[in-house]
Amino acid sequence: MPDPSTPAAQRLRRPSWRDPRLGIGILLVALSVALGSWAVTNAADTVEVYRTTDALSPGDRIDPADLEVVRVHVPDIDLYLTPGESVPDDAVAIRAVGPGELVPGSALGTESQVEVRPISLPTSAALEAYLEKGSRVDLWVALPDPDGVGVDPVGPAQLLVEGVEVWDIHEDTSLFAGTDQVQVQVLVDVADLPDVLDALSSGAEITVVPLPGQADS
């Protein structure tokens, strides 16, 4: 005779299809399968393209050995330089390509296609932290006062060229350079070159003004 003080054993019940835990389990399995299928399909759609390691400026030689190959998903592979393409020995960048960017095929050309020229300008060494190869600057000029009157020997500053690219920065070793100056080489469009050269030949003060958001990190 069973002891009335001992609780009766509960019978195991077969899980019902109405059990919400069963539905959640099926949903998780379906999501896992779908995610795995998407990952495999997406990986199959990637292609190898060239990416820069350093910034390329117009006139810089393009050597595949200086680029890195990455696998990416791009909508139109024909727009970019790929390892399967041959790069001519005289290939140069005809427009700027930033560091870590995919190399567009349209950025390749010959030296005769480069439409900018390097111009060296002295600037304050304090601005060096805001300048690097590939960054953009505005050039402002204060022309000599044509009347030669007044306290200030130069006229008001005015925008000379907007958004030119920095090509190089180096120490100013000229005889009359101060310790607080550096030489900044900027790439000036051929169309703007006469204005810049006229300003330099007239003894005008040209000021390099970095664009916002380019401080050294």
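The residues of the chain are indexed from 1 along the displayed sequence. As a basis for the values below, the full set of heavy atoms in this structure was taken, side chains included, without hydrogen atoms, waters or symmetry mates. Values in this document were obtained by computation on a predicted structure and should not be read as measured data.
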**Q** Using the rule that Ile, Leu, Val, Met, Phe, Trp and Tyr join whenever any side-chain heavy atoms are under 4.5 Å apart, tell me whether Tyr130 and Trp167 fall into a single cluster.
**A** no

**Q** Using the rule that Ile, Leu, Val, Met, Phe, Trp and Tyr join whenever any side-chain heavy atoms are under 4.5 Å apart, tell me whether Val103 and Ile94 fall into a single cluster.
**A**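 Each belongs to a different hydrophobic cluster.
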
**Q** Whether the side chain of Asp189 engages the backbone of Val116 through a donor-acceptor N/O pair (distance < 3.5 Å, no angle test) should be reported.
**A**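 Answer holds: no.
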
**Q** Would you tell me whether Thr82 and Glu48 have side-chain atoms, one donor and one acceptor, within less than 3.5 Å of each other?
**A**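 No, Glu48 and Thr82 have no side-chain donor paired with an acceptor closer than 3.5 Å.
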
**Q** If you count the non-hydrogen atoms of other residues, nucleotides and ligands that lie under 6.0 Å from CD in Glu85, is the total more than 12?
**A**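 More than 12 within 6.0 Å, yes.
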
**Q** Do other residues, nucleotides or ligands put more than 12 heavy atoms under 6.0 Å from Glu205 CD?
**A**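 Atom CD in Glu205 is not packed in, count stays at 12 or less.
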
**Q** Write down the atom of Tyr50, the atom of Pro64, and the distance for their closest heavy-atom approach.
**A**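 Where Tyr50 meets Pro64 most closely, the heavy atoms are OH-CB, 3.5 Å.
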
**Q** What distance do Leu139 atom CG and Gln158 atom CD have between them, rounded to the nearest 0.5 Å?
**A** 12.5 Å

**Q** Give me the atom names and distance for the closest heavy-atom approach of Val182 to Ser124.
**A**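 Here Val182 and Ser124 meet closest at CG2-O, 4.1 Å.
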
**Q** Give the minimum heavy-atom separation between Val137 and Val166, together with the two atoms involved.
**A** CG1-CG2, 3.8 Å

**Q** Should Arg136 and Val164 count as side-chain neighbours, where that means a heavy-atom distance under 4.5 Å?
**A** no

**Q** Flag yes if Val114 and Val87 sit in one hydrophobic cluster, no otherwise; membership is Ile, Leu, Val, Met, Phe, Trp, Tyr, and two members link when side-chain heavy atoms are under 4.5 Å apart.
**A**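 In one cluster: no.
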
**Q** Quick check on the hydrophobic clustering: are Leu197 and Val208 connected, directly or via other members, by side-chain heavy-atom contacts under 4.5 Å?
**A**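 Leu197 and Val208: one cluster.
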
**Q** Any heavy-atom pair between the side chains of Val186 and Pro118 that's under 4.5 Å?
**A** no

**Q** How long is the span from the CD1 atom in Ile206 to the CG atom in Leu160, to the nearest 0.5 Å?
**A**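 The CG atom of Leu160 is 5.5 Å from CD1 of Ile206, to the nearest 0.5 Å.
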
**Q** Are Val188 and Arg117 close enough, and set up right, to give a side chain to side chain contact (heavy atoms under 4.5 Å, CB included), and what steps lead you there?
**A** CA-CA 5 Å; Val188 177; Arg117 299 292 184 269; 5.7 Å; no

**Q** For residues Leu127 and Val209: do they belong to one hydrophobic cluster (side chain heavy atoms under 4.5 Å, members Ile, Leu, Val, Met, Phe, Trp, Tyr)?
**A** no

**Q** Assess the residue pair Leu200 and Ile119 against the criterion (side chain to side chain contact (heavy atoms under 4.5 Å, CB included)); give the C-alpha distance rounded to whole Å, side-chain angles, the decisive distance to 0.1 Å, and a yes or no.
**A** CA-CA 10 Å; Leu200 288 171; Ile119 296 292; 4.0 Å; yes

**Q** Mind running side chain to side chain contact (heavy atoms under 4.5 Å, CB included) on Gln183 and Glu171 for me, showing each step along the way?
**A** CA-CA 6 Å; Gln183 282 284 333; Glu171 183 183 354; over 6 Å; no

**Q** Counting only heavy atoms from other residues, nucleotides and ligands, does the tally under 6.0 Å from CG of Asp89 exceed 12?
**A** no

**Q** Minimum heavy-atom separation for Ala55 to Asp60, with atom names?
**A**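 Closest pair (atom of Ala55, atom of Asp60, distance): O-OD2, 4.1 Å.
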
**Q** Does a side-chain heavy-atom distance below 4.5 Å link Leu211 with Ser135?
**A** no

**Q** Give a yes or no answer on whether the side chain of Arg71 reaches the backbone of Thr46 with a donor-acceptor pair at less than 3.5 Å.
**A** yes

**Q** Check whether Thr52 reaches the backbone of Gly100 with its side chain - one donor and one acceptor, N or O, closer than 3.5 Å.
**A**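 Yes, because the side chain of Thr52 sits within donor-acceptor range (under 3.5 Å) of the backbone of Gly100.
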
**Q** What closest approach, in Å, do Glu165 and Ser57 show between heavy atoms, and which atom pair accounts for it?
**A**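 Looks like OE2-OG, 2.7 Å.
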
**Q** Sub-3.5 Å donor-acceptor pair from the side chain of Thr53 to the main-chain atoms of Leu67, do we have one?
**A** no

**Q** May I have the step-by-step check of side chain to side chain contact (heavy atoms under 4.5 Å, CB included) for Leu131 and Val184, ending in yes or no?
**A** CA-CA 9 Å; Leu131 303 172; Val184 176; 3.8 Å; yes

**Q** Could you tell me whether the side chain of Val49 reaches within less than 4.5 Å of the side chain of Leu81, counting heavy atoms only?
**A**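 The answer is no, as the side chains (C-beta and beyond) never meet within the 4.5 Å cut-off.
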
**Q** Nearest 0.5 Å please: distance from the CD atom of Glu101 over to the OH atom of Tyr80.
**A**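 The CD atom of Glu101 sits 9.5 Å away from the OH atom of Tyr80.
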
**Q** Hey, is the main chain of Asp192 close enough, under 3.5 Å, to the side chain of Asp195 for a donor-acceptor pair?
**A** no

**Q** Between atom CG of Leu187 and atom NZ of Lys133, what is the distance when rounded to the nearest 0.5 Å?
**A**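 Reported to 0.5 Å precision, the distance equals 7.5 Å.
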
**Q** At their closest point, which heavy atom of Ser106 faces which heavy atom of Arg95, and how far apart are they?
**A** OG-NH2, 3.7 Å

